Amino acid sequence: GYRVSLQGNFFGRHHIYITFPEYNPRKHIKLDPPLNIQSNVTASKCQIWWSVPWYLAEILQYELQYKEHSMSWEVAWKKSPPSSLPQIEIEATELHSGIAYIARVRCKVSENEDSYHSQWSEWSQTTVFQRAGVPNLSENIQNTRTMQFLFIPLSFGTLLYLFWNCKLTSRYCYFLTSGQKASPALPFPRQLLSFSHSIIYTMGISR
C-alpha cells in the first residue's frame with residue numbers, strides 16, 4: 001500500500017497531515033460507465049445488453065435503471081443481472097403496451113471480489129424501447145359475441161330456406177306426377193346463401 005499525506009506551510013510553520021496511513025489504489029476505484037447499451041423487444045420480454053472492457057467482465061456487477069420516458073429518474077425501477085454477464089431481461093408483463101421506456105446502466109467491482117473494491121460508475125448512455133401493442137381481451141370477447149349473434153340468425157335463416165326449398169321441390173314433383181301445371185317457385189336470392197356460407201367459413205378461421 002501507500003501512505004498519502006498532505007503537507008504545507010500554515011501560519012509560518014511547516015505541517016504534515018497524514019490523510020491515509022495505508023492507501024491501496026485497488027480498493028479505491030471508480031470505473032468508466034458501460035458502453036454501447038442496446039435493447040431488443042419481443043412478445044415475451046425485453047433484452048438489454050452493453051459492453052465493458054474484456055479484462056473486467058468477470059469481476060463486475062451491474063445495476064439497471066429503467067422508467068417510462070415521461071417520468072423522472074427518481075422514481076425509476078432498478079434491476080440487477082443474476083450473473084456477471086453484461087445483459088439483463090425484463091419480462092413483458094412488467095411493461096405497459098404502447099408506452100416508451102428508457103434505460104441506463106452502471107457498474108462497479110463485484111462485492112465478492114477481494115482484490116479490488118470500487119464505487120459505482122457514472123450512468124451509461126440510454127436506450128429507448130417500447131413493448132408492442134397487444135389486442136385488448138375485452139375487445140376480442142366483444143367481437144366474438146358479435147359474430148355469434150350474427151351467426152345464429154343467419155344459420156337459422158339458411159336452415160329455413162333449405163326446408164322451404166325442399167318443401168316446394170316435393171310439391172312441384174307431386175304436381176308433375178298428377179298432370180297439373182306447376183307454378184315455378186320464386187327464386188331465393190343466392191347471395192344470401194353464399195353470404196351465410198362465407199360467415200360460417202369466417203367463423204371457422206377466427207376460432
Side-chain angles (χ1 to χ4, degrees), residues 1-140:
Y2 299 85
R3 185 179 71 173
V4 179
S5 62
L6 176 66
Q7 57 182 316
N9 293 319
F10 301 96
F11 304 104
R13 294 184 179 183
H14 184 74
H15 295 273
I16 298 178
Y17 298 95
I18 305 299
T19 308
F20 297 102
E22 293 185 8
Y23 179 77
N24 188 347
R26 291 188 174 190
K27 301 294 184 179
H28 301 83
I29 300 173
K30 185 173 182 179
L31 300 168
D32 292 329
L35 302 173
N36 304 322
I37 182 171
Q38 300 179 60
S39 58
N40 180 55
V41 180
T42 64
S44 60
K45 60 190 173 183
C46 172
Q47 296 175 311
I48 301 177
W49 66 94
W50 52 89
S51 59
V52 293
W54 63 268
Y55 51 84
L56 296 174
E58 295 184 357
I59 64 170
L60 296 183
Q61 68 180 68
Y62 307 95
E63 183 180 63
L64 179 84
Q65 235 184 3
Y66 70 100
K67 67 180 185 71
E68 294 183 11
H69 200 280
S70 60
M71 296 174 60
S72 170
W73 284 112
E74 282 71 19
V75 295
W77 296 280
K78 295 181 180 180
K79 291 180 73 73
S80 297
S83 68
S84 61
L85 295 177
Q87 62 185 33
I88 196 171
E89 294 181 353
I90 303 175
E91 296 297 326
T93 54
E94 302 179 50
L95 307 173
H96 297 290
S97 60
I99 300 295
Y101 290 85
I102 184 170
R104 61 185 184 179
V105 67
R106 61 181 180 177
C107 65
K108 72 173 184 177
V109 175
S110 172
E111 301 285 347
N112 300 323
E113 182 63 38
D114 297 328
S115 301
Y116 300 92
H117 181 75
S118 73
Q119 57 182 306
W120 285 111
S121 70
E122 298 297 329
W123 290 104
S124 69
Q125 298 294 318
T126 58
T127 181
V128 179
F129 56 94
Q130 180 174 330
R131 178 186 174 189
V134 295
N136 193 321
L137 181 59
S138 61
E139 292 181 358
N140 287 340

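Keep in mind the model is a prediction, meaning the values are calculated, not measured.
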Apply side-chain contact (heavy atoms from CB on, under 4.5 Å) to [X] and list each qualifying residue two or more places apart in sequence or on a separate chain.
X: Thr42; answer: Asn40, Ser44, Lys45
X: Ala76; answer: Gln65, Lys67, Trp73
X: Ile29; answer: Leu31, Tyr116, Ser118

Can you see which heavy atom on [X] is nearest to which on [Y], and at what distance?
X: Ile48; Y: Ala103; answer: CD1-CB, 4.0 Å
X: Cys46; Y: Leu95; answer: CB-CD1, 4.1 Å
X: Ala92; Y: Arg131; answer: O-NH1, 3.0 Å
X: Thr127; Y: Ser39; answer: OG1-OG, 2.9 Å

For Glu122, side-chain hydrogen bond (donor to acceptor under 3.5 Å, both in side chains) partners two or more places apart: Lys30
Sequence neighbours excluded, the answer for side-chain hydrogen bond (donor to acceptor under 3.5 Å, both in side chains) partners of Glu74 is Ser72
Is there a side chain to side chain contact (heavy atoms under 4.5 Å, CB included) between Ile59 and Ser110? Walk through the geometry before answering. CA-CA 6 Å; Ile59 64 170; Ser110 172; 5.5 Å; no
The reported gap from NE2 in His96 to CD in Gln130 (rounded to nearest 0.5 angstrom) is 13.0 Å
Mind checking the CZ-CD1 spacing from Phe129 to Ile99? Nearest 0.5 Å is all I need. 12.0 Å
Scan for salt bridge (Lys or Arg N to Asp or Glu O under 4.0 Å) pairs involving residues 46-62, sequence neighbours excluded, and state none if there are none. none
Hey, are the side chains of Pro34 and Ser121 touching, using non-hydrogen atoms and a 4.5 Å cut-off? yes
If the condition is salt bridge (charged side-chain N to carboxylate O under 4.0 Å, His left out), which residues does [X] pass it with, not counting sequence neighbours?
X: Glu113; value: none
X: Arg104; value: none
X: Glu68; value: none
X: Lys108; value: Glu111

If you count heavy atoms of other groups shown closer than 6.0 angstrom to CD of Glu94, is the number above 12? yes
Can you pull out every ring pair (Phe, Tyr, Trp, His ring centres under 6.0 Å) where at least one residue sits in residues 31-60? Sequence neighbours excluded, please. Trp50-Tyr62
Go through it in stages, so that I can follow the logic: the residues are Met71 and Tyr101, the test is side chain to side chain contact (heavy atoms under 4.5 Å, CB included), and I'd like the CA-CA distance, side-chain angles, deciding distance and then a yes or no. CA-CA 9 Å; Met71 296 174 60; Tyr101 290 85; over 6 Å; no
Taking Ser124 for the side chain and Pro33 for the main chain, is one N or O donor matched with an acceptor at less than 3.5 Å? no
Using the ring pair (Phe, Tyr, Trp, His ring centres under 6.0 Å) criterion, which residues pair with Trp77? Sequence neighbours excluded. Tyr66
